[in-house]
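I have placed the structure first, in the form of structure tokens, so that the comments after it can refer back to it.
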Amino acid sequence: MAIKVNDLEGKELADSYIREAVPAGRWSDTWDVFKSNVLKLVLINVFILITFVPGVAIVWVRGAYIAGLDSVYPFNSSILYPFYPDVSGLAEGVRLSADLLFYSLLIVAGFIASLGIAGGGYSIKKMLAGHGGFKVKDFFYGIKVGYLNTVVPVTIFMMFMFASLVLGDWKDLVAAQGGNYAGALTAFIFMVIATVLAGVYCGWLYAVGISYKVTFKQLFKNSFLMMMGTPIQTVFMAGFALIPVWIMLIGGIFQMIGMFLYIFLGFSFTLICWLAFTQWGFDLYVNPALKAATEKAKANRTEKEVKEDAEADGKRAARELLAAGKSELIARPVMPVAEKPAVTKLGKTFTRANLASVNGEKAKLANDLAAYEQAHKNDPVYVEYNKLFAEREKALADPVDKKGKKKKKISADNLLK
């Protein structure tokens, strides 16, 4: 499906790093980052896990609360009427009332979890862009720049999840009371489908939000475009990124394995898979358009603009070299080294003819070097380089100007100004 994304061009959120090229391809590079930075990913995972503690505590307290009520209320099916009144649906009603309370608190806990998701996402995105670079301060910087665009999709998804769980409890309650629960079942099924779709969309909201500086209108629009542009890939990668969840849902010993994974690497694994995939989507739909616009702008330049750009490049290169100190190898043009040796290497035995041939090749090489230097001596990079050093040397030799005032002290800070 062809889509057109305009609002993201040139707005990448990369304040603390420079995105580098991917020499081996997106997926190969992601695997290299993952296997060579496991300890960094574990550290990021621990930071994220800390922000999930309130949510985990709410789920645990809910379970303990329901278990306590189960031990008090007459739910034992072996005790029949008239010793106890009809309690059909009482257990389901308790769960419904408990879930209304605790799962609404879980939405609030999402505000805290968003801190870890924002910081972890930015950190992993920087690792993917810089081939493994990460500092602890990147996590907290990610919270600063990405929290708002993270808490929005997290809250939206948690509200859909809340509605699904409550409708499930309502369905069970109606069925336990012997009523017609077809309507409740239909509502529950549709809400589960809506929650899955909302989860996928919120995944793109999160990816766009921590990757680009955009308004909320652009955030929602472009996230939808990216999702619709990669529907099959999105569903597949969403499922792949949640492998630790599927392991945990199997139950038994796999539940313990899944919990172990989430303690040490689960969150980081999910984020690196999803962010690598979404970056692939950005490479596919956003960056080519930006590159095409840049190439178009270059193609439309006048001859004067091209000349000015060449001079500017020369000045910039000269200033960069100036900072390292003047070098005779840089101050004058030097012919590039050819792939084939210009002078034949003499063996252990050689004749006078061989020696004469080598001397001739050396003389020819010297002439070629002189000709190359003469042809390129007026290139902007060499002119500017030597000019800057000449001005510096003059300033050092003459500490006062024409009016007799003392000149500004030459230092590393003002040398390039």
Side-chain angles (χ1 to χ4, degrees), residues 45-46 48-117 151 154-181 183-189 191-192 194-196 198-199 242 244-264 266-267 270:
N45 195 83
V46 171
I48 299 174
L49 183 62
I50 292 173
T51 64
F52 272 73
V53 169
V56 174
I58 289 172
V59 173
W60 184 86
V61 172
R62 170 194 172 273
Y65 175 77
I66 293 177
L69 292 180
D70 284 348
S71 65
V72 175
Y73 281 94
F75 296 139
N76 195 328
S77 59
S78 65
I79 304 177
L80 304 176
Y81 182 84
F83 299 100
Y84 284 113
D86 184 12
V87 293
S88 300
L90 182 57
E92 289 75 13
V94 168
R95 281 164 176 74
L96 176 59
S97 61
D99 290 348
L100 283 170
L101 171 63
F102 288 103
Y103 286 142
S104 61
L105 291 177
L106 203 59
I107 297 176
V108 179
F111 296 163
I112 302 175
S114 297
L115 294 170
I117 299 173
V151 73
V154 169
T155 303
I156 292 174
F157 175 71
M158 292 304 299
M159 291 177 68
F160 273 88
M161 180 66 74
F162 171 79
S164 294
L165 295 170
V166 170
L167 284 176
D169 290 340
W170 176 52
K171 169 185 66 67
D172 295 338
L173 176 61
V174 174
Q177 291 175 342
N180 184 357
Y181 67 97
L185 178 61
T186 302
F188 172 68
I189 292 174
M191 183 51 67
V192 169
T195 300
V196 173
L242 295 175
V245 175
W246 309 136
I247 293 175
M248 193 161 49
L249 291 178
I250 294 175
I253 191 173
F254 290 100
Q255 185 176 20
M256 299 300 297
I257 295 174
M259 293 175 64
F260 179 83
L261 286 174
Y262 264 108
I263 290 174
F264 291 98
F267 294 109
T270 298

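One is the number of the first residue; the rest follow in order along the sequence.
- For the residue pair I247 and G258, the shortest heavy atom distance occurs at CG2-N, 4.0 Å.
- Judged as a ring pair (Phe, Tyr, Trp, His ring centres under 6.0 Å), and not counting sequence neighbours, F188 has no contacts.
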Show, in sequence, the C-alpha distance, side-chain angles and deciding distance for Y103 and I58, and conclude whether the side-chain contact (heavy atoms from CB on, under 4.5 Å) test is met. CA-CA 8 Å; Y103 286 142; I58 289 172; 5.9 Å; no
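- Annotation: salt bridge (charged side-chain N to carboxylate O under 4.0 Å, His left out) contacts of D169 (sequence neighbours excluded): none.
- One finds the CD1 atom of I50 at 11.5 Å from the CG atom of L115 (value rounded to the nearest 0.5 Å).
- The side-chain hydrogen bond (donor to acceptor under 3.5 Å, both in side chains) test applied to D172 returns no partner, not counting sequence neighbours.
- Scanning both residues, I263 and L49, for their nearest heavy atoms gives O-CD2, 3.8 Å.
- Rounding to the nearest 0.5 angstrom, the gap separating the CG atom in L101 from the CZ atom in R62 is 11.0 Å.
- Counting only heavy atoms from C-beta outward, the side chains of V61 and F102 approach each other to under 4.5 Å.
- The ring pair (Phe, Tyr, Trp, His ring centres under 6.0 Å) test applied to F254 returns no partner, not counting sequence neighbours.
- How far CG of L165 is from CE of M191: 11.0 Å, rounded to the nearest 0.5 Å.
- Partners of V154 according to the side-chain contact (heavy atoms from CB on, under 4.5 Å) rule, which considers only residues two or more places apart in sequence or in another chain, are S114, I117, T150, M158.
- How far CG of D99 is from OH of Y65: 10.5 Å, rounded to the nearest 0.5 Å.
- Contact check for F160 versus V196: no side-chain heavy atoms found under the 4.5 Å cut-off.
- What you find for P244 and G266 is that their closest heavy atoms are CG-CA, 4.3 Å.
- Under the side-chain hydrogen bond (donor to acceptor under 3.5 Å, both in side chains) criterion, T51 pairs with no residue, sequence neighbours left out.
- Of all the heavy atoms in A98 and I66, the pair that sits closest is CB-CG1, 4.0 Å.
- Proximity of T270 to Y262: side-chain heavy atoms (C-beta onward) are separated by under 4.5 Å at one or more points.
- When all heavy atoms of F52 and A113 are compared, the closest pair comes out as CE1-CB, 3.8 Å.
- A donor-acceptor pair under 3.5 Å is formed between the side chain of N45 and the backbone N or O of F267.
- Between the CH2 atom in W246 and the CE atom in M248 there is a gap of 10.5 Å [rounded to 0.5 Å].
- Between L185 atom CG and L167 atom CG the span is 11.0 Å, to the nearest 0.5 Å.
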